[in-house]
2 protein chains.
Amino acid sequence: MPLLTIKDIARKCGVSVTTVSRAINNHPDINEKTKERIMQVIKEYNYIPNNSARNLKRIESNTIAVLIKGITNQFFNKMLKVFEAEIEKNKYDFLLHPVEEDENEIDVAISLEKEKKLKGIIFLGGYFSHSVDKLKYLNVPFVLSTGGFSEEVESDKYSYVMVDDFKESYKIVDYLCKLGHRRIAIISVPESSQNIGKTRLYGYKKALQDNNIPFDPALVRYKDVEDRDFFSMRYGYEVAKELLQSNVNFSAIFAISDTIAVGACKAIFDSGGKVPEDYSVAGYDGIDIAHYYNPSITTIRQPVEEIARESIRILFEKLNNNKKIEKHKIFDGELIVGQSTIPYNKKS
Amino acid sequence: MPLLTIKDIARKCGVSVTTVSRAINNHPDINEKTKERIMQVIKEYNYIPNNSARNLKRIESNTIAVLIKGITNQFFNKMLKVFEAEIEKNKYDFLLHPVEEDENEIDVAISLEKEKKLKGIIFLGGYFSHSVDKLKYLNVPFVLSTGGFSEEVESDKYSYVMVDDFKESYKIVDYLCKLGHRRIAIISVPESSQNIGKTRLYGYKKALQDNNIPFDPALVRYKDVEDRDFFSMRYGYEVAKELLQSNVNFSAIFAISDTIAVGACKAIFDSGGKVPEDYSVAGYDGIDIAHYYNPSITTIRQPVEEIARESIRILFEKLNNNKKIEKHKIFDGELIVGQSTIPYNKKS
DNA sequence: TTGTAGGCGTTATCAA
DNA sequence: TTGATAACGCCTACAA
């Protein structure tokens, strides 16, 4: 079965390719009867137009792309639903494009803008501290959504929506301090790893400092793993296990993600300990499992739906008003107190 | 900044587009100096070729696409890693293409084959009971991987790799029966929902039958939810809550996915009950959380890495040997006994 | 080693 | 309402 082209259909119908094109694209200037006949043949042969040719020739598309780095990250699940719903509600086509870990998301965006003649772009995940200057090669509006990136970059060059990782990290560690914990371990990721680990570590340090708790490097835990999957339950489990087997004393753990926190809890259980009676454990993100775990995990809930909605709102604003002004929105995270943390003096 | 084309680069370099094309595509017949100069300009202006034009013109690509329906499903995470690794190891380009819930994956495949001049396709997720006949419009090798589809279709028309959902479902329910449970509830999904729920229900029924346990429709639980997200923890929570609040007597729950099982456990905890002391809970899939939950959840582990590896192996076989023979491989699931199930007579 | 010209499959323009 | 023709951006014979 050779690949059909519009010419084949035109020949079979005894009309010109132009007419077939009109039928396919719902042009008004075509006879209903002719159109029906053509659509019948198209259906019969299951003809599907070549998108490369269409994209190449068309002046514009109606597509908004969501570029996501780390598609398997649970954290993005609910955001994707919002993006899809909002984009379709506004009569645009939704294109979800996963970006590989080793790809530069801006290059991908430039490429995709050309290839699909995009109307707008949402960046999800990824870290822009490198190559922000490349953003100038984008000719359509875009918004960075929850991408951790360094503070140094000039933010008047782009719009973003996110939470303040430093502040939220501070918030939850401060909460642990206020519960009376003074030996708080943090499960983070290797410093070399380009991600939000660093910022959350700063928040941790500052919270300790403000609570007059000396910083102890022995409480900062991480390890290198081959698959570089640092935000997995397994990673949390392994790092927590090493911590438990060390002779480092601690009464609480701050894991920089909920998945890590889950792994840490399991490590404690497996070593015969209890959460929160023996150790308090806190996470970060507020994904489903934090709520459904047993015990439920104290965490910082990132308002993901709101972040997504605001991101897309800003994008539409730029799209409709042709505004050059870049908008920035920082959402507050919410401290969700679960069953996994208790005051130090209530410990068993 | 207007979108650059190959012509712009050619003009800036004072050469023809052909020469620029040669530089881009690493053709041998080009002067090293010329090439360097061109690449320099390309880098300076961050020129990125238009993929639509390339795809249109090129005779063939080197791309293998993985079409996945339900990209947010945890279940696929590890499979994706295998696919990516194996495809790249074999010097092909990996293209991950999410398929929306309301899209027909075969139409998407036909479209993508043309657009990207694909070499091969892996289908992940989705249900093929409808429109299998459309598969004949595909001109490249493809393999169905873990897609639940009805048994009726003639399987000599395509290759697939999967587990026997009926058998595995039977296996775990039989295990519950052998533990002495006779009132086993199943948390499934609405019958109207096109998915594996039905097959797993059959396995449940057959296991009961073989253990001389009467089937009680009151123990088959599901509900309609607006977002149609049936495999969420929340769904499991809600259905289990209704079950607990009903006056239906039961001692064990078989949830047709681990995520549902997690939700069910939480519902039991919230109602003051214990797992497994008051109720045994079993899941299905063997995703991370089944292992890391507290208690760990008894489940059927689907050998996802093996499934992925075998799928891609078959695809390469078809690719290299040009074989028309369709291969079928059914993997056994593994019953993982966790802490969430105990014998009926050990119940508190 | 480089350039010219034609065409990939489709849509846009213009004329009929 | 329809059709002929050019053009989208790129690659590739073929010619120089």
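Chain A is the first sequence line, chain B the second, and so forth, proteins listed ahead of strands; every chain is numbered from 1. All figures in this text were calculated on a predicted structure; none of them were measured in a lab.
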Legend entry - Helix axis bend for the helix from C/dT1-D/dA16 to C/dA16-D/dT1 - C1'-based end axes, five pairs, 10° rounding: 40°

Legend entry - side chain to side chain donor-acceptor pair (under 3.5 Å) partners for A/Lys119, two or more places apart: A/Glu60

Inset, instruction - Round to the nearest Å and state the distance from A/Ile59 atom CD1 to D/dC8 atom C1'. - result: 8 Å

Legend entry - Residues A/Ser52 and B/Glu115: side-chain donor-acceptor under 3.5 angstrom: no

Inset, instruction - May I ask you to verify if any side-chain N or O of A/Asn50 is less than 4.0 angstrom from the OP1 or OP2 atom of C/dC8? - result: no

Legend entry - Donor-acceptor under 3.5 Å (A/Arg37 side chain, A/Cys13 main chain): yes

Inset, instruction - Ignoring backbone atoms, establish whether B/Tyr47 has a side-chain N or O less than 4.0 Å from OP1 or OP2 of D/dC10. - result: yes

Inset, instruction - Measure from NZ or CZ of A/Lys318 to the centre of the six-membered ring of A/Phe142 and say whether it is under 6.0 Å with the direction within 45° of the ring axis. - result: yes

Inset, instruction - Return the residues of residues 27-41 of chain A meeting this criterion: a heavy atom under 4.0 Å from some atom of DNA chain D. Order them by number, or give none. - result: A/Asp29, A/Ile30, A/Asn31, A/Thr34

Legend entry - Between D/dG9 (P) and A/Glu113 (CD): distance, integer Å: 13 Å

Inset, instruction - Would you check if the side chain of B/Asn25 reaches a backbone N or O of B/His27 as a donor-acceptor pair within less than 3.5 Å? - result: no

Inset, instruction - Might you work through the side-chain contact (heavy atoms from CB on, under 4.5 Å) test for B/Asn50 and B/Thr5, ending with a clear yes or no? - result: CA-CA 8 Å; B/Asn50 183 318; B/Thr5 75; over 6 Å; no

Inset, instruction - Sequence neighbours left out, what passes salt bridge (Lys or Arg N to Asp or Glu O under 4.0 Å) with B/Lys12? Give chain and number order. - result: none

Legend entry - Polar contact flag, side-chain donor to acceptor under 3.5 angstrom, A/Asn55-A/Ser61: no

Inset, instruction - Indicate yes or no: does A/Lys329 engage A/Glu306 in a salt bridge with an N to O separation below 4.0 Å. - result: no

Inset, instruction - Grab the CZ-C1' distance between A/Arg58 and C/dT10 for me, whole Å please. - result: 9 Å

Inset, instruction - Would you indicate what B/Ser21 reaches in the nucleic acid, counting non-hydrogen atoms under 4.0 angstrom: base, sugar-phosphate, or nothing? - result: base

Legend entry - Under 4.0 angstrom between B/Arg54 side-chain N/O and D/dC10 OP1 or OP2: no

Legend entry - Nearest-nucleotide pick for A/Lys57, side chain only, options being D/dT2, D/dG9, C/dT10: C/dT10

Legend entry - Atom-pair distance (CG on B/Asn55; P on C/dT10), nearest Å: 14 Å

Inset, instruction - Let me know the distance between NZ of B/Lys114 and P of C/dG9, rounded to the nearest Å. - result: 9 Å

Legend entry - Within residues 6-20 of chain B, residues whose heavy atoms come under 4.0 Å of DNA chain C: B/Val15, B/Ser16, B/Thr18, B/Thr19

Legend entry - Distance, rounded to the nearest Å, where A/Asn25 contributes CG and D/dT1 contributes C1': 17 Å

Legend entry - Rounded interatomic separation in angstrom, taking NZ from A/Lys117 and P from D/dC8: 10 Å

Inset, instruction - Indicate whether any N or O donor in one side chain lies under 3.5 Å from an N or O acceptor in the other, for B/Lys116 and B/Asn51. - result: no

Legend entry - Residue mapping more 5' on DNA chain C - nearest nucleotide basis, B/Arg22 or A/Ile48: B/Arg22

Inset, instruction - Report the distance from atom CG of B/Leu56 to atom C1' of C/dG6, rounded to the nearest whole Å. - result: 13 Å

Legend entry - salt bridge (Lys or Arg N to Asp or Glu O under 4.0 Å) against B/Lys81, all qualifying residues, sequence neighbours excluded: A/Asp229

Inset, instruction - Using modelled atom types only, decide if a donor and an acceptor are shared between the side chain of A/Ser311 and the backbone of A/Ile307 within a distance under 3.5 Å. - result: yes

